[in-house]
There are 2 protein chains.
Amino acid sequence: MNQPEHLKNAGLKSTLPRLKVLSLFESGQARHMSAEEVYKLLLSTGDDVGLATVYRVLTQFEQAGLLVRHNFEGGKSVFELDQGTHHDHIVCLQCGHVEEFFDADIEARQENAAAERGFTIRDHSLSIYADCAKTDCPNKTRSENR
Amino acid sequence: MNQPEHLKNAGLKSTLPRLKVLSLFESGQARHMSAEEVYKLLLSTGDDVGLATVYRVLTQFEQAGLLVRHNFEGGKSVFELDQGTHHDHIVCLQCGHVEEFFDADIEARQENAAAERGFTIRDHSLSIYADCAKTDCPNKTRSENR
DNA sequence: TCGCAAATGAGAACGATTATCATTCGCACT
DNA sequence: AGTGCGAATGATAATCGTTCTCATTTGCGA
Ligand SMILES: [Mn+2]
Ligand SMILES: [Mn+2]
Ligand SMILES: [Zn+2]
Ligand SMILES: [Zn+2]
């Protein structure tokens, strides 16, 4: 299915800015992007889109179920294509590298913890902040590595 | 040990604003508070403290290990007294009620997920967002409870 | 009690995000 | 293909949480 159809299925009319943002995510350039990153990447390829529109489109895509929003440490929202299946994240504090993981037992135990206390889960977020193993990550070259 | 000593142990000189903020947390009025909440609660008892000072003191207490900071959904940081032991949170999306839980297996599996991928964990946060069971919670009275 | 570095508080500044509103665009209907 | 109109866009102002600035005040050791 092509992009204009994607948008129509989501109840959004197929406009140029929306197509550009969707293409960027589908290009696979980067899985997790903030509004600012989307904005700058589009600018850099000459696909100018207003920053306000980027914010609007990201929120619309989130509501339409095309994108998922994450609130990692750092105060800015990051988005990724909705893959249909839930997963959690490990974020490198040094270089921003993100890896995804899924643990069925963790998920089950969360359900359990909530149910035991009479809560009905709407959403949850598990983020691990760490130093990654990439050889080019700044955490490798710091004089003191504590 | 009294409050002035608490502060000295933490390497902070014992000033009026710091004592007021610490007292508020130790009063047990509320375990989890944002800067704005601390500020307003102090105002309401005549213990005026500048908002900038509240922010500064909260950050200092965090660095000193007296308080722990959490970034729940909603964009504002919330703080609580450091109890020495880690725990996670279930937050009611309707009334803000927070309950705490700890699951050793979840913790172990997080360690595992990170280690398998070569990450060294620095920090992590698990928050469950839900509807709570309190009878006075607004999620009970909504016409459609979906 | 003095002296002074450290702390405070009022308000400006900031970064991320949202609201406003005049202009432009997509699209259903000729 | 041409029109009309409501929806979408984009420049900019506004908002929100938080941090910074700097003149004034305070804690505390000598
Ligand atoms: Mn992801
Ligand atoms: Mn807690
Ligand atoms: Zn890294
Ligand atoms: Zn509730």
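To find a chain, count down the sequence lines: A is the first, B the second, and so on, and within it residues start at 1.
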**Study point:** side chain to side chain contact (heavy atoms under 4.5 Å, CB included) involving A:Thr15 - partner list, sequence neighbours excluded
**Key:** A:Lys13, A:Pro17, A:Arg18

Check your understanding: Contact class for B:Ser77 vs. all strands (heavy atom < 4.0 Å): base, sugar-phosphate, or nothing?
Key -> sugar-phosphate

Practice item. Give A:Arg56 one of three labels, base, sugar-phosphate or nothing, depending on what nucleic acid heavy atoms sit under 4.0 Å from its own. Key: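 Since a base atom lies under 4.0 Å of A:Arg56, the category is base.
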
When the distance from [atom1] of [X] to [atom2] of [N] is rounded to whole Å, what number comes out?
X       : N      : atom1 : atom2 : value
B:Leu58 : D:dG17 : CG    : P     : 15 Å
A:Leu7  : C:dG26 : CG    : C1'   : 13 Å
A:Leu12 : D:dA7  : CG    : C1'   : 12 Å
A:Phe79 : C:dA16 : CZ    : P     : 14 Å
B:Asp48 : C:dA10 : CG    : P     : 8 Å
A:Glu73 : C:dA16 : CD    : P     : 16 Å
A:Leu51 : C:dT20 : CG    : P     : 18 Å
B:Leu43 : C:dA10 : CG    : P     : 10 Å

Point to revise | A:Phe79/A:His32 aromatic ring centres below 6.0 Å | key: no

Given [options], the nucleotide with the shortest approach to the side chain of [X]:
X       : options                : value
A:Ala52 : C:dG9, D:dG10, C:dC27  : D:dG10
A:Lys13 : D:dG17, C:dC27, D:dG10 : C:dC27
A:Thr15 : D:dT9, C:dT17, C:dG9   : D:dT9
B:Arg18 : C:dC27, D:dT18, C:dT8  : C:dT8

Revision key, fill the gap. Separation between CG (A:Asp48) and OH (A:Tyr39), nearest 0.5 Å, reads 7.5 Å

Review point. Which comes earlier along DNA chain C counting from the 5' end, the contact point of B:Gly50 or that of A:Lys76, where each point is its nearest nucleotide?
Key: B:Gly50

**Study point:** Inter-axis angle, terminal five-pair segments of the helix from C:dT1-D:dA30 to C:dT30-D:dA1 [nearest 10°]
**Key:** 30°

**Study point:** Electrostatic pair A:Glu100-A:Arg31, nearest N-O below 4.0 angstrom
**Key:**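 A salt bridge links A:Glu100 with A:Arg31.
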
Do any N or O atoms from the side chain of [X] and from the backbone of [Y] form a donor-acceptor pair under 3.5 angstrom?
X        : Y       : answer
A:Glu37  : A:Ser34 : yes
B:Tyr129 : B:Glu73 : yes
B:Thr53  : B:Val49 : no

Exercise for review: Please check the phosphate of C:dT18 (OP1 and OP2 only) for any side-chain N or O of A:Tyr55 closer than 4.0 Å.
Suggested key: no

